[in-house]
Amino acid sequence: MGFDGINAGLAAGFLPFRGSWMLDVVFLAMFAIVPTLAVSIALVKRGQYRVHRTIQLVTAAILLVAVIAFEVDMRFFTDWRELAEPSPWFSICHTLLYVHLAFAIPTPILWAVIIWGALRHFDDKFQAPGYRERHRALGWAGMLAMMGTAVTGIVFYIVAFVL
Ligand code: HEM
């Protein structure tokens, strides 16, 4: 698909940078994810288990839909290399993308494991003898992996499409 110079037509994003519409959506979502997860942890530490569960499940569902839409965009509609080419740092974009993918690919798998385990083990009073410690360890790994995904994604977007 031709882009008429840099970024035109359906592919054009709404931010004043070179990202496509979906790239812009995911870029903003990456900023939202860090405070959302921070709130979720703060609440679970105060015993607000139900809100924590809701935040985690809703976040996971939204991210799943966004990632699928994003993949469709990248595979069929948007050539990110073409949009990133004007960047003075274009030569390091591939490396930055691989660093981002090193977080972005394992994270959904880890989240699926965490959610599956939590839903299976915690009862309706959020009791789970013997599983709490495991969920905490997995949960912290999942939080850090998602924050790593967000930070490396933001860096990639800025270097590729803003500069
Ligand atoms: C990807 C999804 C999730 C992540 C990343 C996550 C993360 C975490 C983390 C980091 C903690 C420990 C906080 C601390 O240090 O005290 C925690 C605690 C907890 N989470 Fe999740 N969680 C997720 C999903 C869920 C779900 C779906 C449920 C409910 C079914 C749940 C129920 C709980 C409960 C009850 C605790 C408190 C455990 C305790 O008493 O120490 N979590 N979670």
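Starting from 1, each residue takes its place in the sequence as its number. All values below were derived from every heavy atom in this structure, side-chain atoms included, with hydrogens, water molecules and symmetry-related copies excluded. Remember, it's 1-based here, ligands and their atoms both numbered in the order they're listed.
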Colleague: Okay, side chain of Thr152, backbone of Gly148: is any donor-acceptor separation there less than 3.5 Å?
Modeller: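 Indeed, once roles are kept as given, a pair shorter than 3.5 Å links the two residues.
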Colleague: What orientation do Trp21 and Phe14 show, parallel under 30°, tilted 30 to 60°, or perpendicular over 60°?
Modeller: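 Perpendicular: the ring planes of Trp21 and Phe14 meet at over 60°.
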Colleague: In plain terms, say whether Arg75 and Glu71 are close enough for a salt bridge, that is, a side-chain N and a carboxylate O under 4.0 Å apart.
Modeller: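 Looking at Glu71 together with Arg75, the answer is yes, because their closest N to O distance falls below 4.0 Å.
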Colleague: Starting from atom 37 (C) of ligand 1, what is the nearest protein heavy atom, named by residue and atom, and what distance separates them?
Modeller: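 Protein heavy atom with the smallest distance to atom 37 (C) of ligand 1: Tyr49 CE2, 3.5 Å.
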Colleague: Nearest protein heavy-atom contact for atom 20 (N) of ligand 1: which residue, which atom, what distance?
Modeller: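 The closest one turns out to be His135 NE2, 2.8 Å.
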Colleague: Please report whether ligand 1 has a polar contact with Arg132, defined as an N or O pair separated by less than 3.5 Å (distance criterion only).
Modeller: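 Checking ligand 1 against Arg132, an N or O pair does fall under 3.5 Å apart.
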Colleague: Tell me the contacting part of Met146 for ligand 1: side chain, backbone, both, or neither, using a 4.0 Å heavy-atom threshold, strictly below.
Modeller: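 Answer for Met146: neither.
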Colleague: Quick test: of every protein heavy atom, which one is nearest to atom 30 (C) of ligand 1, and how far off is it to 0.1 Å?
Modeller: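 Ranking protein heavy atoms by distance from atom 30 (C) of ligand 1, first comes Arg53 CD, 3.6 Å.
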Colleague: Identify the protein heavy atom lying closest to atom 26 (C) of ligand 1, giving its residue, its atom name and the separation to 0.1 Å.
Modeller: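 Ranked first by proximity to atom 26 (C) of ligand 1 is Ala118 CB, 3.5 Å.
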Colleague: Under 3.5 Å between any N/O of Lys45 and any N/O of ligand 1: does that happen in this structure?
Modeller: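 Yes, Lys45 has an N/O under 3.5 Å of an N/O on ligand 1.
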Colleague: For His52 and Gln48, indicate whether the former's side chain and the latter's backbone hold a donor-acceptor pair under 3.5 Å.
Modeller: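 The answer is no, because no donor-acceptor pair under 3.5 Å joins these two groups.
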Colleague: Once you round to the nearest 0.5 Å, how far does CZ of Arg81 lie from CD of Glu85?
Modeller: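 These two atoms lie 10.5 Å from each other.
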Colleague: Answer yes or no: is there a donor N or O on one side and an acceptor on the other, between the side chain of Ser87 and the main chain of Phe161, under 3.5 Å?
Modeller: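 No, because the side chain of Ser87 does not come within donor-acceptor range (under 3.5 Å) of the backbone of Phe161.
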Colleague: Below 4.0 angstrom from a heavy atom of Ile115, which ligand 1 atoms are there? Numbered from 1 as shown, please.
Modeller: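 Those of ligand 1 that fall under 4.0 Å from Ile115 are 1 (C), 2 (C).
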Colleague: I'd like to know if the side chain of Ser40 reaches the main chain of Thr36, judged simply by a donor and an acceptor atom lying under 3.5 Å from each other, with no hydrogens or angles considered.
Modeller: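 Between the backbone of Thr36 and the side chain of Ser40 there is no qualifying donor-acceptor contact (under 3.5 Å).
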Colleague: Just which atoms of ligand 1 are under 4.0 Å from any heavy atom in Ile114?
Modeller: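 The list of qualifying atoms is 1 (C), 2 (C), 3 (C), 4 (C), 23 (C).
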Colleague: Please report which non-hydrogen protein atom sits nearest to atom 3 (C) of ligand 1, along with the residue it belongs to and the distance in Å to one decimal place.
Modeller: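 Heavy-atom neighbour on the protein nearest atom 3 (C) of ligand 1: Gln56 NE2, 3.4 Å.
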Colleague: Using atom types as modelled and distance alone, determine if a side-chain donor or acceptor of His100 lies under 3.5 Å from a backbone N or O of Thr149.
Modeller: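 Such a contact is found between His100 side chain and Thr149 backbone.
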Colleague: Can you tell me the protein heavy atom closest to atom 36 (C) of ligand 1 and the distance?
Modeller: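 Scanning the protein heavy atoms, the shortest distance from atom 36 (C) of ligand 1 goes to Val44 CG2, 3.5 Å.
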Colleague: Out of Gln48, Arg46, His52, Arg136, whose heavy atom is nearest to atom 8 (C) of ligand 1?
Modeller: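 Looking at heavy atoms only, the winner is His52.
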Colleague: Got a donor-acceptor contact below 3.5 angstrom from the Trp111 side chain to the Gly142 backbone?
Modeller: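 Side chain of Trp111 to backbone of Gly142: a pair is present.
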Colleague: State whether Lys125 and Asp123 are salt-bridged, where the test is any N-O pair (Lys NZ or Arg NE/NH1/NH2 against Asp/Glu carboxylate O) under 4.0 Å.
Modeller: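 So Lys125 does not pair with Asp123 through a salt bridge.
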Colleague: Any N or O on Trp111 sitting closer than 3.5 Å to an N or O of ligand 1?
Modeller: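 Between Trp111 and ligand 1 (N or O atoms, distance only) the closest approach is not under 3.5 Å.
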Colleague: What protein heavy atom sits nearest atom 7 (C) of ligand 1, and how far away is it?
Modeller: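 Among all protein heavy atoms, the one nearest atom 7 (C) of ligand 1 is Gly139 CA, 3.4 Å.
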Colleague: Heavy atom under 4.0 Å from ligand 1: found in Trp140's side chain, backbone, both, or neither?
Modeller: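 Both the backbone and the side chain of Trp140 come within reach of ligand 1.
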Colleague: Around atom 34 (C) of ligand 1, find the nearest protein heavy atom and jot down its residue, atom name and distance.
Modeller: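 Residue, atom and distance for the closest contact: Phe122 CZ, 3.8 Å.
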